[in-house]
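Not measured: the values here are computed from a predicted model. By convention here, the first residue in the shown sequence is residue 1. Start at 1 and go down the list; that is how both ligands and their atoms are numbered.
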Amino acid sequence: MKRAFSGVQPTGNIHIGNYIGALKQFVQLQNEMETVYCIVDLHSITVPQNPKELQEHTLDVAALYLSVGLDPKKSIIFVQSTVPAHAELAWILTCNSYTGELSRMIQFKDKSKEKESAPTGLFTYPLLMAADILLYDAQYVPVGNDQKQHIELTRDLAERFNNKYGDTFVVPEYKGTKVGARIMALDDPTNKMSKSAENEHSRISLLDTPSKVKKSIMRATTDSDNEIRFDEENKPGISNLLAIYSVFSGLDIKEIERKYAGCGYGQLKKDLVEVVNDSLVDIQKKYFEIRKSDELLEILREGTKKAQNISEETMIRVKEKIGLVRL
Ligand code: TYM
């Protein structure tokens with residue numbers, strides 16, 4: 001049986017980029033293979049967090065997982081820090097990696113830009129991510145394309161370990177969506193949509209109100225030629241809106257282009273507001289039911305047990321290979 005693994009950081013503002021690039025794939029895959037999904041709280045502490053907010057955001061993401069359609073009967077859903085093997089394997093991978101390869105990571109370079117010294121956790125972030133994936137023998141990692149380089153590194157680490165110690169890890173593959181693997185910021189379509197951008201209108205969060213969604217879409221940056229055509233290079237703003245439209249409506253991009261032939265950007269934006277709000281209403285309704293329920297904690301506890309069972313087996317294999325005693 002094939003298995004997929006992925007995770008989302010509990011940093012608040014989960015947006016439609018996270019949904020399109022990652023969460024939507026998570027839901028589709030649970031009908032095709034075993035699926036393990038984590039809320040990666042240890043990754044989020046690579047930058048300062050308010051402890052109270054971190055706890056809340058962790059449960060927020062768990063509730064969002066369920067609201068977008070993850071089914072705990074089909075998927076293992078758990079919080080990373082409740083399974084100690086993640087940090088343990090990350091250390092072992094640290095001892096089998098090189099500062100050179102970590103220095104080349106684009107995410108690290110971006111986050112440490114113009115700083116004299118960066119947090120060590122930001123530097124070793126991809127090793128913890130590799131540990132997450134390798135612990136579960138995952139063949140597939142559904143993520144947005146900003147994470148592609150981290151998956152490449154995970155593959156290198158797995159292959160290196162297997163060559164040195166004999167077959168131990170499954171070498172995983174990046175799994176991206178055809179449309180929307182990189183949703184761009186609404187205010188600047190040359191940058192990816194992000195949780196931390198200062199301008200709240202640069203993104204649509206899954207918990208935004210209908211009027212906030214309307215404002216963000218209506219003021220989205222486009223171009224001046226008023227032709228509705230998918231062309232990421234020359235028309236990044238309109239192409240981004242078309243990708244979002246396509247994912248939320250289920251129509252393919254060609255169909256949408258035909259539907260809006262001869263129409264102006266205003267019409268497309270107005271309809272997009274409706275298409276997005278229709279989907280968000282359903283997600284939010286479920287979210288508010290689940291978020292405060294005891295069921296949520298019960299699902300996470302169950303997930304921890306299942307994740308622990310799988311990861312402990314991997315750790316026995318790994319420790320034996322590298323010569324750590326088992327008493
Ligand atoms: P995070 O929380 O930053 O992002 C969660 C997921 O959302 C995707 N994503 C996007 N997809 C399309 N367009 C965007 N603008 C956009 N922004 C974010 C990300 O690619 C990601 O799939 N490092 C991971 C978390 C992680 C992980 C793992 C993932 C930790 N361990 C193991 C997979 C496997 C991250 O960036 O999370």
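Checking Gln30 against Ser75 by side-chain atom types alone, a donor-acceptor pair falls below 3.5 Å. Under 3.5 Å, the side chains of Lys215 and Ser211 contain no donor-acceptor pair of N or O atoms. Between the side chains of Asp271 and Gln267, at least one donor-acceptor pair of N or O atoms lies under 3.5 Å.
No option in Asp223, Asn226, Thr222 other than Asp223 meets the side-chain hydrogen bond (donor to acceptor under 3.5 Å, both in side chains) test with Tyr265.
Ring centroid separation for the pair Tyr245 and Phe230 does not come in under the 6.0 Å cut-off.
At least one heavy atom of Val141 sits less than 4.0 Å from an atom of ligand 1. Ligand 1 is never approached by Gln107 to a heavy-atom distance shorter than 4.0 Å. The closest approach between Gly180 and ligand 1 falls below 4.0 Å for a heavy atom of the residue.
Residues Leu23 and Val27 form no side-chain contact, since every pair of their non-hydrogen atoms from C-beta on lies 4.5 Å or further apart. Inter-residue side-chain proximity for Arg317 and Glu320 is flagged as unmet; no heavy-atom pair is nearer than 4.5 Å.
When only interatomic distances are considered, the shortest N/O to N/O separation between Gly144 and ligand 1 falls below 3.5 Å. Remark: ligand 1 and Met129 share no N or O pair separated by less than 3.5 Å (distance only, no angle test). On a distance-only criterion, Asp132 and ligand 1 share at least one N/O pair closer than 3.5 Å. The shortest N or O to N or O distance between His150 and ligand 1 is not under 3.5 Å. At a 3.5 angstrom cut-off on N or O pairs, Ser6 does not count as close to ligand 1. Checking only distances, Tyr125 does come within under 3.5 Å of ligand 1, N or O to N or O. Note: no N/O pair closer than 3.5 Å links Phe5 and ligand 1 by distance alone. Residue-to-ligand polar distances place Gly17 within reach of ligand 1: an N/O pair is separated by less than 3.5 Å.
With a 4.0 Å heavy-atom cut-off, ligand 1 is reached by the backbone of Ala181 but not by any atom from C-beta on. The proximity of His15 to ligand 1, defined as any non-hydrogen pair under 4.0 Å, is limited to the side chain. At a heavy-atom distance under 4.0 Å, only side-chain atoms of Ile133, from C-beta outward, approach ligand 1.
The minimum heavy-atom distance between Ile253 and Ala243, with the atom names listed, is CD1-CA, 4.2 Å. When every heavy atom of Ile20 is checked against every heavy atom of Thr177, the shortest pair comes out as O-CG2, 3.6 Å. Residues Ile183 and Gly17 come closest through the heavy atom pair CB-CA, 3.8 Å.
Short contacts between ligand 1 and Gly21, defined as distances under 4.0 Å to a heavy atom of the residue, involve ligand atoms 11 (N), 12 (C). Against a heavy-atom cut-off of under 4.0 Å, Lys195 is close to the following atoms of ligand 1: 1 (P), 2 (O), 3 (O). Set against the non-hydrogen atoms of Ala22, the atoms of ligand 1 under 4.0 Å away are 6 (C), 7 (O), 22 (O). Taking every heavy atom of Ile183 and a limit of under 4.0 angstrom, the matching atoms of ligand 1 come to 12 (C), 13 (N), 14 (C), 15 (N). Of all atoms in ligand 1, listed by their number and element, those nearer than 4.0 Å to a heavy atom of Asn18 are 4 (O), 5 (C), 6 (C), 7 (O), 8 (C), 9 (N), 17 (N), 18 (C). Set against the non-hydrogen atoms of Met193, the atoms of ligand 1 under 4.0 Å away are 15 (N), 17 (N).
When the salt bridge (charged side-chain N to carboxylate O under 4.0 Å, His left out) test is applied to Glu232, no partner is found at least two apart in sequence or on another chain.
By the 6.0 Å contact criterion, CD on Glu159 is enclosed, its count of non-hydrogen atoms from other residues, nucleotides or ligands being greater than 12.
The heavy atom nearest to atom 20 (O) of ligand 1, considering only Val8, Leu23, Asp146, Asn13, is found in Asp146.
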Quiz item: Which is it for Arg203 and Asp208 under the salt bridge (Lys or Arg N to Asp or Glu O under 4.0 Å) test, yes or no, and what are the steps along the way?
Solution: CA-CA 10 Å; Arg203 65 182 158 262; Asp208 275 349; over 6 Å; no
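Closest protein heavy atom to atom 3 (O) of ligand 1: Gln9 NE2, 3.7 Å. When only non-hydrogen protein atoms are considered, atom 25 (C) of ligand 1 lies nearest to Gly7 O, 3.6 Å. Here the heavy atom of the protein found nearest to atom 36 (O) of ligand 1 is Gln147 NE2, 2.9 Å.
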Identify every side-chain donor-acceptor pair in residues 139-147 under 3.5 Å, counting partners at least two apart or on other chains, and give the distances.
residue: Gln139; atom: OE1; partner: Arg3; partner atom: N; Å: 2.8
residue: Asn145; atom: OD1; partner: Arg182; partner atom: NH1; Å: 2.9
residue: Asp146; atom: OD2; partner: Lys192; partner atom: NZ; Å: 2.7
residue: Gln147; atom: OE1; partner: His150; partner atom: ND1; Å: 2.9
residue: Gln147; atom: NE2; partner: Gln107; partner atom: OE1; Å: 3.1

